[in-house]
Student: 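Here it is, the structure, as structure tokens.
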Protein chains: 2
Amino acid sequence: MNIVIDTRSRIIAAAKPRFHSRSYANVGIQEICESAGIQKGSFYHFFPSKRDLIVAVIEEFADEWANGFVAEAFDPALPPMERIDYLIDAAYFWQKSIKQVHGRMLGCIFGNLTLEVSTQDDILRAKLLAIFGRAKSRFMNTLDEAVAAGTIAPLDTSLTAEAMLAYLEGVILLAKSQNDPELLYRLGPAIKTLRVELTLS
Amino acid sequence: MNIVIDTRSRIIAAAKPRFHSRSYANVGIQEICESAGIQKGSFYHFFPSKRDLIVAVIEEFADEWANGFVAEAFDPALPPMERIDYLIDAAYFWQKSIKQVHGRMLGCIFGNLTLEVSTQDDILRAKLLAIFGRAKSRFMNTLDEAVAAGTIAPLDTSLTAEAMLAYLEGVILLAKSQNDPELLYRLGPAIKTLRVELTLS
DNA sequence: ATCCTAGTTGACCGATCGGTAAAATGCAAG
DNA sequence: CTTGCATTTTACCGATCGGTCAACTAGGAT
């Protein structure tokens with residue numbers, strides 16, 4: 001059992017940084033096997049297809065993300081709007097540290113994969129959609145709390161949450177085009193100015 | 001000369017929708033040649049490499065975009081902030097019409113390519129960066145005008161322009177993950193709430 | 001001691017990848 | 001009529017793609 005998990009997780013560990021730094025189509029099974037020190041037949045013992053691997057990679061990234069700095073950022077002990085500041089800060093420092101190690105701004109793997117595969121594979125699109133849905137919920141709950149506390153004026157928290165998530169992804173995209181995480185630092189805080197007003201119908 | 005241009009532009013015409021609807025790595029030269037009704041050797045007479053083709057495709061998209069609805073949207077005759085409304089509207093209707101024809105939300109090819117290739121190819125990244133730079137300038141000029149006219153309170157027009165562009169790309173990304181251009185309709189107008197204040201130093 | 005099964009290996013599949021080179025074609029200028 | 005050049009065709013290159021298969025190994029259970 002230990003060996004099983006070890007091999008499977010070595011595959012995922014080899015795949016994660018590659019899919020993050022390049023693209024789904026540009027990373028081959030063979031390269032992953034070489035990096036993990038296994039044979040291709042062994043890979044297909046654990047994963048029926050390349051798509052099953054990327055699903056596993058997506059899930060690992062999502063878990064590590066949800067239990068890592070995102071959990072810290074959306075700490076209920078923090079004042080609601082400060083959680084958003086914290087999240088932007090964390091995203092900035094994360095991208096910055098990746099660039100220091102890797103030499104490149106890699107951006108958000110969920111955004112990267114969304115734009116690459118979502119016209120070609122509805123199962124992957126659904127996976128990514130679910131992750132964005134959870135992210136939106138975090139924003140929305142935070143906004144609901146902020147409105148309840150009177151920190152901000154009432155607004156459409158559902159749509160504003162989606163707008164904030166979109167803005168974050170967009171800033172990361174633009175920063176990637178400049179290969180410069182500092183854009184996150186300059187543009188990130190403006191996320192709190194976004195507002196979708198309640199419709200009166 | 002006519003035939004030359006015709007073949008070359010038939011290649012580009014075959015390539016454009018494919019790169020837009022799938023991805024750079026997922027579209028092969030052979031498929032493009034078949035669609036254009038030519039042989040591979042003929043392709044390489046006009047384009048030294050696949051990258052030269054995608055550069056030409058990017059340029060064609062950029063031209064058609066700059067001379068099409070973007071030029072309409074940023075019409076100096078319109079009140080400045082209405083130009084931004086117009087742009088959002090145009091993006092929405094464009095994505096919607098593509099979906100009606102193609103069955104899919106294809107998103108922005110510049111955003112798509114940025115996330116796919118910008119860690120792997122600095123020349124392509126520079127091309128895309130230049131296009132985003134021009135888009136940012138349009139936003140900034142519009143904001144400058146709006147501030148001068150007193151339509152909006154003074155702000156950092158350079159950073160706010162970048163924030164608006166990022167937001168637009170982010171909304172398109174999220175809409176693509178939902179395969180639903182209606183998100184552009186719901187979230188788009190909030191672009192005008194984005195503000196980066198002037199720093200007092 | 002035997003059987004079963006999870007794991008692993010290495011050879012192999014047809015298809016496709018981006019790209020090349022030489023020969024054939026067509027056309028225009030001299 | 002011939003030369004020269006741009007264009008096009010055809011055949012081909014080595015490499016890699018995702019995926020399969022049969023044989024082999026190693027333990028644990030009976």
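No experiment lies behind these values; they were computed from the predicted model shown. Quick note on labels: first sequence line is chain A, next is B, and so on, each numbered from 1.
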Student: Under the criterion side chain to side chain donor-acceptor pair (under 3.5 Å), I'd like the reasoning laid out for B:S158 against B:K136: C-alpha separation, chi angles, the key distance, then a yes or no.
Tutor: CA-CA 8 Å; B:S158 174; B:K136 175 197 160 182; 3.0 Å; yes

Student: Report yes if a side-chain nitrogen or oxygen of A:Q39 is closer than 4.0 Å to either non-bridging phosphate oxygen (OP1 or OP2) of C:dG10; otherwise report no.
Tutor: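 Result: yes.
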
Student: Using the rule salt bridge (Lys or Arg N to Asp or Glu O under 4.0 Å), only one of A:K127, A:K50, A:R51 pairs with A:D121; which is it?
Tutor: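 It is A:R51; the other options fail the test.
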
Student: Please report, rounded to the nearest Å, how far the P atom of C:dG10 is from the CD1 atom of A:I38.
Tutor: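 For the pair A:I38 CD1 and C:dG10 P, the rounded distance is 12 Å.
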
Student: Can you tell me the distance, in whole Å, between the CG atom of B:D52 and the P atom of C:dT20?
Tutor: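 Result: 11 Å.
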
Student: Salt bridge or not between B:K96 and B:D89? Use side-chain N to carboxylate O under 4.0 Å.
Tutor: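 No salt bridge links B:K96 with B:D89.
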
Student: Output one line per pair: protein atom, nucleotide atom from nucleotides 16-18 of chain C, and distance, for all N/O pairs under 3.5 Å.
Tutor:
| unit_1 | atom_1 | unit_2 | atom_2 | d |
| --- | --- | --- | --- | --- |
| C:dG18 | OP1 | B:K50 | NZ | 2.7 |
| C:dG18 | OP2 | B:I29 | N | 3.0 |
| C:dG18 | N7 | B:K40 | NZ | 3.1 |

Student: Rounded to the nearest angstrom, tell me the gap between atom CZ in B:F43 and atom C1' in D:dT8.
Tutor: 15 Å

Student: Once the angle between the rings of B:F132 and B:F110 is folded into 0 to 90°, is it parallel (under 30°), tilted (30 to 60°) or perpendicular (over 60°)?
Tutor: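 B:F132 vs B:F110 ring planes: perpendicular.
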
Student: On the 0 to 90° scale, with breaks at 30° and 60°, tag the A:F69-A:W94 ring pair as parallel, tilted or perpendicular.
Tutor: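 The rings of A:F69 and A:W94 sit tilted, inter-plane angle from 30° to 60°.
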
Student: For B:E34 and C:dA15, give me the distance from atom CD to atom P, rounded to whole Å.
Tutor: 14 Å

Student: Compute the centroid of each ring, for B:F74 and then for B:F139, and state whether the two points are separated by less than 6.0 Å.
Tutor: yes

Student: Give the rounded distance in Å between these two atoms: NE2 of B:H45 and P of C:dA21.
Tutor: 16 Å

